[in-house]
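Here is the naming used below: chain letters follow the sequence lines, and residue numbers restart at 1 for every chain. Side-chain atoms are counted along with the backbone in the values below, which use heavy atoms only and exclude waters and symmetry mates. Worth saying up front: this structure is predicted, and the values here are computed from it rather than measured.
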Protein chains: 2
Amino acid sequence: MRVGELSKRSGVAVPTIKYYLREGLLPAGVLTSPNQAYYDDEHLRRLRLVRALIDVGGLSIASVREVLAAIDTRDESLHNKLGAVQEAISQPGTVELDPLAVADVQAFFARHGETECADVTESNVTHMLAAALSSGRSIGHDQIRDLLDPYLEGLKIIAQADLEYVVRHTSPDDVIEAMVVGTLIGDTVLKALRRLAHAQVSRDMIGDGPAPN
Amino acid sequence: MRVGELSKRSGVAVPTIKYYLREGLLPAGVLTSPNQAYYDDEHLRRLRLVRALIDVGGLSIASVREVLAAIDTRDESLHNKLGAVQEAISQPGTVELDPLAVADVQAFFARHGETECADVTESNVTHMLAAALSSGRSIGHDQIRDLLDPYLEGLKIIAQADLEYVVRHTSPDDVIEAMVVGTLIGDTVLKALRRLAHAQVSRDMIGDGPAPN
DNA sequence: CTGAATGGATAGCGGCACTCTCTACTATCC
DNA sequence: GGATAGTAGAGAGTGCCGCTATCCATTCAG
């Protein structure tokens with residue numbers, strides 16, 4: 001297909017597709033003439049993935065490029081790939097870390113038998129965790145660390161479901177893509193469901209009881 | 001204190017504080033002269049809250065304004081306040097909804113005894129959920145709906161911890177603020193922990209086993 | 001043959017979150 | 001009683017990001 005059809009089928013405007021091509025988010029089509037290129041279903045699929053990463057994952061163009069690079073790498077183990085992708089989809093942010101929050105994170109790791117976390121800033125993910133706790137501390141919520149253990153309990157169930165989803169629904173080739181998509185879409189789904197759960201709790205506990213205001 | 005000290009104590013640059021004042025994120029200080037105003041600890045606290053919403057929650061200035069307005073409203077019940085806040089911290093996004101995804105969401109609600117969800121687009125939260133499933137479908141992951149139930153299982157534990165946290169650690173006046181902060185910081189914490197759980201699973205299942213690549 | 005579409009490239013735009021600059025003060029230190 | 005530093009307020013400017021518009025030469029479809 002040519003760019004017009006790609007645009008129609010994906011719902012992405014032609015100039016935007018051109019922009020993605022320029023930015024390297026989409027591989028160039030096969031040129032049949034100096035100004036004619038053909039795109040296949042793989043391009044369509046990739047384009048939809050890019051849009052999903054941007055729309056649902058809220059990733060920047062730069063992050064999308066990193067994620068795609070990690071997905072496309074052939075010479076690394078699956079585990080390393082996933083690690084690279086996770087770094088790409090976890091932006092560090094600009095909060096400066098509170099040493100006490102860092103200590104909370106380290107204590108949490110120690111409690112759960114993780115030994116290799118000497119430096120929290122080494123990974124975006126642990127940095128993210130420490131940054132969140134730091135922010136909490138800055139506004140007087142230093143007890144958020146108490147939530148880590150129950151959260152982990154809940155997440156065991158969730159991560160288990162994630163794992164089963166991946167092994168059940170995807171061919172080995174697509175494992176990484178499925179994990180990326182599942183992680184990002186899963187984040188959004190979790191967010192939404194958690195808010196619904198809060199609303200329900202609030203309705204049960206507060207709405208029906210005596211209104212404090 | 002004056003703006004300089006407010007800046008030093010919060011780590012926010014003076015021009016930025018002035019900008020927040022102009023944008024109504026921070027109430028004006030008490031003017032003692034035409035060009036002298038005094039700020040108290042409440043201003044500092046509010047400023048830190050604003051930064052937390054922006055840094056950790058990733059909220060826009062406009063969303064922060066909405067959240068603060070909801071927090072400061074005096075004439076609504078706690079339950080309604082929380083609802084308003086949730087709408088503010090859940091931006092709808094631009095994805096168009098897949099009717100099948102909408103049906104998945106409705107089926108999920110029906111399964112769990114929620115009857116009042118005739119229109120998914122009524123609330124940002126349910127819209128978010130439908131949008132996430134739609135995005136999944138567009139890239140061939142229509143089975144993500146199977147994750148909803150296990151996610152809910154895990155989230156029951158997590159929401160329960162959230163509830164206990166709120167009732168244990170906050171005075172009634174600060175309940176809404178605690179829920180906002182807890183929700184947003186909690187989102188980030190959950191994200192990070194989920195990634196760590198995935199990494200652990202990946203290490204156990206793939207890293208140690210035979211590498212598929 | 002002709003009008004629409006294409007590949008490629010460069011420039012421009014709109015929104016956002018600041019950041020700069022300026023004026024007219026005021027507070028404080030020596 | 002200067003000199004210096006800080007301040008309120010407001011408008012303009014900045015830098016980045018994700019597109020979007022324009023242009024050209026070419027080529028395809030009817």
Side-chain angles (χ1 to χ4, degrees), chain A residues 1-40 43-44 47-68 88 91-95, chain B residues 1-40 43-44 47-68 88 91-95:
Chain A
M1 82 192 87
R2 290 182 304 177
V3 81
E5 195 181 344
L6 189 60
S7 166
K8 250 178 245 165
R9 289 225 260 161
S10 63
V12 179
V14 172
T16 307
I17 294 177
K18 286 184 173 188
Y19 169 65
Y20 291 164
L21 286 165
R22 254 176 291 148
E23 292 296 318
L25 305 189
L26 212 52
V30 181
L31 278 176
T32 58
S33 342
N35 67 332
Q36 292 292 299
Y38 279 81
Y39 306 91
D40 58 17
H43 287 95
L44 179 58
L47 181 53
R48 284 183 172 145
L49 175 61
V50 168
R51 290 307 318 176
L53 294 176
I54 290 172
D55 291 336
V56 181
L59 298 195
S60 66
I61 299 294
S63 299
V64 171
R65 198 168 18 231
E66 278 182 68
V67 170
L68 296 178
Q91 298 93 328
T94 56
V95 198
Chain B
M1 80 193 86
R2 289 183 304 175
V3 79
E5 194 182 344
L6 189 59
S7 166
K8 248 179 243 163
R9 288 226 260 161
S10 64
V12 179
V14 172
T16 306
I17 293 177
K18 287 184 172 189
Y19 169 65
Y20 290 165
L21 286 166
R22 254 176 290 155
E23 293 295 318
L25 306 189
L26 213 53
V30 180
L31 277 176
T32 58
S33 342
N35 67 331
Q36 293 290 300
Y38 278 80
Y39 305 92
D40 57 19
H43 286 95
L44 179 58
L47 181 53
R48 284 183 173 146
L49 174 62
V50 168
R51 289 309 316 177
L53 294 177
I54 291 171
D55 291 337
V56 181
L59 297 195
S60 66
I61 298 294
S63 300
V64 170
R65 195 166 23 228
E66 277 182 68
V67 170
L68 296 179
Q91 297 93 330
T94 57
V95 199

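Looking at every heavy atom in both residues, B/Val14 comes nearest to B/Gly4 through CG2-CA, 4.4 Å.
When the side-chain nitrogen and oxygen atoms of B/Tyr38 are compared with OP1 and OP2 of D/dT7, none of them lie within a distance under 4.0 Å. Side-chain N/O atoms of B/Arg51 include one lying less than 4.0 angstrom from OP1 or OP2 on C/dC18. For C/dC25, neither phosphate oxygen OP1 nor OP2 lies less than 4.0 angstrom from any side-chain nitrogen or oxygen of B/Ser33. Under 4.0 angstrom from either OP1 or OP2 of D/dT20 there lies at least one side-chain N or O belonging to A/Thr16. At the phosphate of D/dG9, neither OP1 nor OP2 sits under 4.0 Å from any side-chain N or O atom of B/Tyr20.
In the interface, the side chain of B/Lys18 is paired with the base of D/dA8 through a donor and an acceptor atom under 3.5 Å apart. With hydrogens and angles ignored, a donor-acceptor pair under 3.5 angstrom links the side chain of B/Arg22 to the base of D/dG11.
Distance, B/Lys8 NZ to D/dT7 C1': 14 Å, rounded to whole Å. When the C1' atom of D/dG9 is taken as reference, atom OH of B/Tyr39 falls 10 Å away, rounded to whole Å. Atom-to-atom, CG of B/Asn35 to P of C/dC25 comes out at 8 Å; the value is rounded to the nearest Å. Atom CD1 in A/Ile17 sits about 12 Å away from atom P in D/dC19, given to the nearest Å. Counting to the nearest Å, the C1' atom of C/dA27 and the CG atom of B/Leu31 are 15 Å from each other. What separates CD of B/Glu23 from C1' of C/dA17 is a distance of 9 Å, to the nearest Å. Residue B/Leu6 contributes atom CG, which lies 16 Å from atom P of D/dG6 at whole-angstrom precision. Whole-Å rounding puts the B/Leu25 CG to C/dC16 C1' distance at 13 Å.
At a threshold of 4.0 angstrom between heavy atoms, the contacts of A/Pro34 are confined to the sugar-phosphate backbone, with no base atom among them. Nucleic acid contact class of B/Leu21 (heavy atoms, under 4.0 Å, all strands): none.
Side-chain contact between A/Leu68 and A/Val50 is present, with at least one heavy-atom pair separated by less than 4.5 Å. Between A/Ile54 and A/Ile61, some side-chain heavy-atom pair lies under the 4.5 Å cut-off. A/Arg2 places a side-chain heavy atom less than 4.5 Å from the side chain of A/Tyr38.
Residue whose closest nucleotide on DNA chain D sits further toward the 5' end, between A/Pro15 and A/Gln36: A/Pro15.
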Applying side-chain contact (heavy atoms from CB on, under 4.5 Å), run through B/Ser10 and B/Arg51 and close with a yes or a no.
-> CA-CA 9 Å; B/Ser10 64; B/Arg51 289 309 316 177; over 6 Å; no

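Side-chain atoms of A/Val3 lie closest to C/dT6 of the nucleotides C/dG8, C/dT6, D/dC19. Across D/dG6, C/dC18, D/dG18, the shortest atom-to-atom separation from the side chain of B/Arg2 is found for D/dG6.
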